[in-house]
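Atoms within a ligand are numbered from 1 in the order they appear, just like the ligands themselves. We count residues from 1, following the sequence as given.
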Amino acid sequence: MSDHTKTDLVTLSRHVLADQQAHPAASGDLTLLLVSIQLGCKFVATCVRKAGIVNLTGLAGETNVQGEDQKKLDVLANEIFVNSLRSSGKVAIMVSEEDEDMIVVSDTDRDGDHASYAVVFDPLDGSSNIEAGVSIGTIFGIYKLLPGSKGTTADVLRPGREMVAAGYCMYGSSTTMVLSTGGGKVHGYTLDTTIGEFILTHPDLRMAPRGKLIYSINEGNSVYWDDACVEYFGALKSRTVDGKPAPYGARYVGSMVADVHRTILYGGIFAYPADKKSKSGKLRVLYECFPMAFIVENAGGRATTGTKRILDLEPTKLHERSGIFLGSADDVAELEAVYAKHAVGA
Ligand code: P6P
């Protein structure tokens, strides 16, 4: 029997369509929305690959809502995603890291009542790493509009547990999309540039309760950490087994997509905690913490602020930040136990 896997490629579009058809109420709108996100990721991937050659990595001379210097790729990636999402006809509103205000899609660009989704996204997270050739990525989350809504901030200022899908695309040694539409399912797809399709390469990604013993945090901020954080990570570094040193390994890229992707594949714990310097944390709730927490939880992991489940947060501002710890369930549960102990003593 010949191996058909080489001639029966499961593309992302085919895989999502099959998954959605399992839901009787599915209209195909989410599938078409995800196809438009795929287009955006393919287009950004080509721009990232060319960046070094066509000198796209210089500063664009503009600053974004975070007050950070925007690099040309940031600006380009944002325009690409706004256009691809708008062209789907399925999106009513968008929130981008690069735009202070919510983007409202005009009626003429809406496919009538099918424009029933709100998309939150960071078009190019980790962009400070572009010149160094470090993996960067796009992160997105999708909400179904609230009943009767035509698209207001109320449709996105809600718990992340109400998202219907979330994903990221990592522009690294290969271009990899990781996507979940809930139901405890997470799948990974790799872009085959020869045919321009994302191909299913990591079906049903699962995180064991305890994977590789890795911690991932910017230790340069340790002087600002709270006592619980100091205790927890100190214990990982001084861990012993049978009286012999057996510390966790340290890995930190400084690009959330890269650090979270490794954590999903290998296990361990990733953290960007709130601390004395970043009192609300650094990472943004809507388009960094929520999508990554949605994916990690659907793969069997956990995601917390230390004291609260990330997906239960209720943001009140579009660009709100939060501390976050995510990864293998047992590692994150141990972190939460340390925070609970310190809370009792507080
Ligand atoms: P630091 C990149 O700028 C980013 O937003 C995330 O991708 C990454 O996890 C974090 O900031 C890194 O921040 O302070 O460690 O450089």
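Between the side chains of Thr11 and Tyr189, no donor-acceptor pair of N or O atoms lies under 3.5 Å. Side-chain contact check for Tyr248 and Asp331: at least one donor-acceptor pair (N or O, by modelled atom type) lies under 3.5 Å. Side chain to side chain, Ser106 and Thr108 meet the donor-acceptor criterion of an N or O pair below 3.5 Å. A donor atom on one side chain and an acceptor atom on the other are found under 3.5 Å apart for Asp19 and Thr181.
Close contacts between ligand 1 and Ser255 involve ligand atoms 7 (O) [criterion: under 4.0 Å to a heavy atom]. Near Glu288, the atoms of ligand 1 lying under 4.0 angstrom from a non-hydrogen atom of the residue are 5 (O). Using a 4.0 Å cut-off to heavy atoms of Met256, the atoms of ligand 1 that qualify are 6 (C), 7 (O), 8 (C), 9 (O). Applying the 4.0 Å criterion to heavy atoms of Gly254 picks out, from ligand 1, the atoms 2 (C), 8 (C), 12 (C). Interface of Asn218 with ligand 1, defined as ligand atoms under 4.0 Å from a residue heavy atom, comprises 1 (P), 14 (O), 15 (O).
Note: no N/O pair closer than 3.5 Å links Phe270 and ligand 1 by distance alone. Considering both main-chain and side-chain atoms, Tyr252 comes within under 3.5 Å of ligand 1 through a nitrogen or oxygen pair.
Within the structure, ligand 1 has Asp125 among the residues with a heavy atom less than 4.0 angstrom away.
Comparing heavy-atom distances from atom 10 (C) of ligand 1 across Lys282, Lys277, Met292 singles out Lys282 as nearest.
In terms of the side-chain hydrogen bond (donor to acceptor under 3.5 Å, both in side chains) criterion, Glu100 has no residue partners (sequence neighbours excluded).
A salt bridge is defined here as a Lys NZ or Arg NE, NH1 or NH2 lying under 4.0 Å from an Asp or Glu carboxylate O, and Arg302 with Glu336 meets this definition.
A cation-pi arrangement is found for Lys144 relative to Tyr117, the charged atom lying closer than 6.0 Å to the ring centre and inside a 45° cone about the ring normal.
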